[in-house]
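To start, the structure itself, in structure tokens.
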Amino acid sequence: MELIRTGIKDKKRIVIKVGTSTLTHSTGSLNLRIMDKLAMVLSDIKKNDTEIILVTSGSITAGVSKLGLNERPKSVKERQAAASVGQCELMFTYDKLFSQYGQMVSQILLTRAITDNDLYRNNIINTFETLLTYGVIPIVNENDTVAVDELVYGDNDTLSAVTAKLVKADMLIILSDIDGFYDKNPQLNENAKLVPVVEEITLEIENSAGDSQSLVGTGGMSTKISAAKIAVNAGIDMVICNGKHPESLYDILEGKQVGTIFRGKKVKSI
Ligand SMILES: Nc1ncnc2c1ncn2[C@@H]1O[C@H](COP(=O)(O)OP(=O)(O)O)[C@@H](O)[C@H]1O
Ligand SMILES: N[C@@H](CCC(=O)OP(=O)(O)O)C(=O)O
């Protein structure tokens, strides 16, 4: 993989985003089998001289399940309360699973207010760099408990692209409940075809990206295309693939065709 960060040749740096529909059963409980496999694969890739940052969704759904609520909260305060409980459950589970593979993790909760502010943004970048130097896998989510209105990203696809840009990642990989981007929503159109490579994000592509069909997904494909625009404009390749098979991350890093790749624009190094 060609490093695009300026300066001396560093390790490869990958941001991986995993959505709620991948991390949870239809019951809302965390899918421990997938999380364990993800922890193993990411820990193993990390040991092969690659820096990893994980952006995770799932806190709201995990909180709803743990609180025994019978539906996703409608009010902001109830959603924030569920996120607060669920984030704790999510990080406890990640910490336990990654520890099995000798991998330390940390938590970084972001809001748009933080990443839009120069001072806070630089502070966050320094924290990421320090954690990566320590050999930690930072685990990022939106700070749903406090992020409201204009402070909120609202979807982790966008947050993961902003994170990849902040840390000058070489690649952003989005793990979802679908094999990639299709020319139309495959869950609504049986003749939809997977698009393996996107060299340019056209209006036609944006119009083909529809909403989520799952009860827990937030952004659908439209937020993934928005994320792809942020990533490719920063010179970062972005891949969308199915999170059911975390081991496909090995194939992606070996340059094999998996899911859909959105090619990063060549960014002139300064
Ligand atoms: N053109 C498209 N190609 C693939 N999936 C699409 C498309 N348009 C809409 N979708 C929907 O987007 C969903 C993935 O987004 P989402 O449900 O938010 O998952 P996640 O929780 O991983 O973010 C797919 O399951 C599919 O139903
Ligand atoms: N911050 C929210 C994630 C919102 C979100 O983007 O979810 P998803 O569409 O499943 O990636 C949570 O942890 O539930």
Side-chain angles (χ1 to χ4, degrees), residues 16-26 28 30-31 34 38 54-66 72-73 76 78-91 93-94 107-112 139-148 151-163 172-196 198 201-202 204-228 239-244 246 259-260 262:
I16 288 115
K17 182 262 175 175
V18 58
T20 309
S21 54
T22 299
L23 284 172
T24 59
H25 292 291
S26 53
L30 293 177
N31 185 327
I34 294 270
L38 185 63
L54 176 63
V55 179
T56 187
S57 299
S59 67
I60 296 172
T61 299
V64 167
S65 172
K66 191 161 186 182
R72 202 169 169 85
V76 172
E78 287 170 324
R79 195 177 65 241
Q80 291 179 326
S84 182
V85 169
Q87 183 65 24
C88 185
E89 176 76 3
L90 204 51
M91 287 310 297
T93 306
Y94 274 129
Q107 172 179 272
I108 293 189
L109 298 179
L110 295 177
T111 65
R112 190 185 286 278
I139 300 180
V140 181
N141 195 355
E142 177 140 43
N143 192 347
D144 297 297
T145 303
V146 297
V148 286
L151 304 184
V152 72
Y153 276 104
D155 75 271
N156 277 1
D157 298 319
T158 304
L159 177 58
S160 66
V162 169
T163 301
L172 168 59
I173 301 172
I174 293 188
L175 302 176
S176 187
D177 64 352
I178 199 96
D179 288 349
F181 169 71
Y182 285 71
D183 58 1
K184 44 181 92 64
N185 186 342
Q187 288 172 348
L188 302 176
N189 304 277
E190 60 187 12
N191 58 351
K193 288 186 183 49
L194 179 72
V195 180
V198 173
I201 300 173
T202 61
E204 187 189 1
I205 282 181
E206 293 189 63
N207 292 336
S208 309
D211 297 331
S212 171
Q213 304 301 309
S214 80
L215 293 174
V216 292
T218 298
M221 196 48 69
S222 48
T223 52
K224 290 171 182 53
I225 298 300
S226 305
V239 173
I240 299 174
C241 65
N242 200 314
K244 278 197 193 67
T260 299
F262 297 78

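One-based numbering along the sequence shown. In listed order, ligands and their atoms are each counted from 1.
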Where's the contact between [X] and ligand 1, heavy-atom distance under 4.0 Å: side chain, backbone, both or neither?
X	result
Gln187	side chain
Ser208	backbone
Asp211	backbone

Under 4.0 Å to a heavy atom of [X] - the qualifying atoms of ligand 2, by number:
X	result
Gly19	10 (O), 11 (O)
Asp155	6 (O)
Ser57	3 (C), 5 (C), 6 (O), 7 (O), 8 (P), 10 (O), 11 (O), 13 (O)
Gly58	12 (C), 13 (O), 14 (O)
Ser59	12 (C), 13 (O), 14 (O)
Ile60	12 (C), 14 (O)

What atoms in ligand 1 come closer than 4.0 Å to a heavy atom of [X]?
X	value
Gly19	21 (O), 22 (O)
Pro186	3 (N), 4 (C), 5 (N)
Lys184	1 (N)
Thr20	21 (O)

If every non-hydrogen atom of [X] is compared with every non-hydrogen atom of [Y], which pair is closest and at what distance?
X	Y	answer
Arg79	Ile60	CG-CD1, 3.7 Å
Asp211	Ser222	OD1-OG, 3.9 Å
Ile173	Cys241	CG2-SG, 4.2 Å
Thr20	Gly58	OG1-N, 3.4 Å

- Item | Close approach of Thr22 to ligand 1, heavy atoms, under 4.0 angstrom |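 Flag not set, Thr22 not near ligand 1.
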- Under 4.0 angstrom from ligand 1, any heavy atom of Lys17?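 The answer is yes: ligand 1 sits under 4.0 Å from a heavy atom of Lys17.
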In Å, rounded to the nearest 0.5 Å, how long is the span from [atom1] of [X] to [atom2] of [Y]?
X	Y	atom1	atom2	result
Asp179	Thr260	CG	OG1	9.0 Å
Leu175	Ile34	CG	CD1	9.5 Å
Leu90	Ile139	CG	CD1	7.5 Å
Leu54	Gln107	CG	CD	12.0 Å

- Checking Thr163 side chain against Leu159 main chain: does a donor-acceptor pair fall under 3.5 Å?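 Yes, the answer is positive, given that a donor and an acceptor are paired below the 3.5 Å cut-off.
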Counting only heavy atoms, tell me which of [options] gets closest to [atom].
atom	options	answer
atom 6 (O) of ligand 2	Val55, Thr158, Asn156	Asn156
atom 2 (C) of ligand 2	Val18, Asp157, Asp144, Leu109	Asp144
atom 25 (O) of ligand 1	Ile225, Ile178, Asp177	Asp177
atom 20 (P) of ligand 1	Gly58, Ser21, Ser222, Ser57	Ser21

- ligand 1 and Gly220, any nitrogen or oxygen pair closer than 3.5 angstrom? yes
- Within-cut-off N or O pair, Asp157 and ligand 1, under 3.5 Å: no
- Message: Check contact between Gln87 and ligand 2, using heavy atoms of the residue and a distance below 4.0 angstrom.
- Response: no
- Give yes if a backbone or side-chain nitrogen or oxygen of Ser21 is under 3.5 Å from a nitrogen or oxygen of ligand 2, and no if not.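 No, no N or O pair falls under 3.5 Å.
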- ligand 2 and Thr20, any nitrogen or oxygen pair closer than 3.5 angstrom? yes
- Message: With side-chain contact (heavy atoms from CB on, under 4.5 Å) as the criterion, how do Phe181 and Ile205 come out once you've worked through the C-alpha distance, each side chain's angles and the decisive distance to 0.1 Å?
- Response: CA-CA 9 Å; Phe181 169 71; Ile205 282 181; 3.7 Å; yes
- Any side-chain donor paired with an acceptor under 3.5 Å for Thr56 and Tyr94? yes
- Message: Once side chain to side chain donor-acceptor pair (under 3.5 Å) is applied, do any residues pair with Ser57, and if so which ones, sequence neighbours excluded?
- Response: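 Here the qualifying residues are Asn156.
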- Item | Proximity to ligand 2 by part of Asn141, non-hydrogen separation under 4.0 Å |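 The part of Asn141 near ligand 2 is the side chain, not the backbone.
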- Is the shortest side-chain N to carboxylate O distance from Lys17 to Asp157 below 4.0 Å? yes
Tabulate below the donor-acceptor pairs under 3.5 Å that side-chain atoms of residues 185-196 make, not counting sequence neighbours, or state none.
{"unit_1": "Asn185", "atom_1": "OD1", "unit_2": "Gln187", "atom_2": "N", "d": "2.8"}
{"unit_1": "Asn189", "atom_1": "ND2", "unit_2": "Asn185", "atom_2": "O", "d": "2.9"}

- Does a side-chain heavy-atom distance below 4.5 Å link Val64 with Pro73? yes
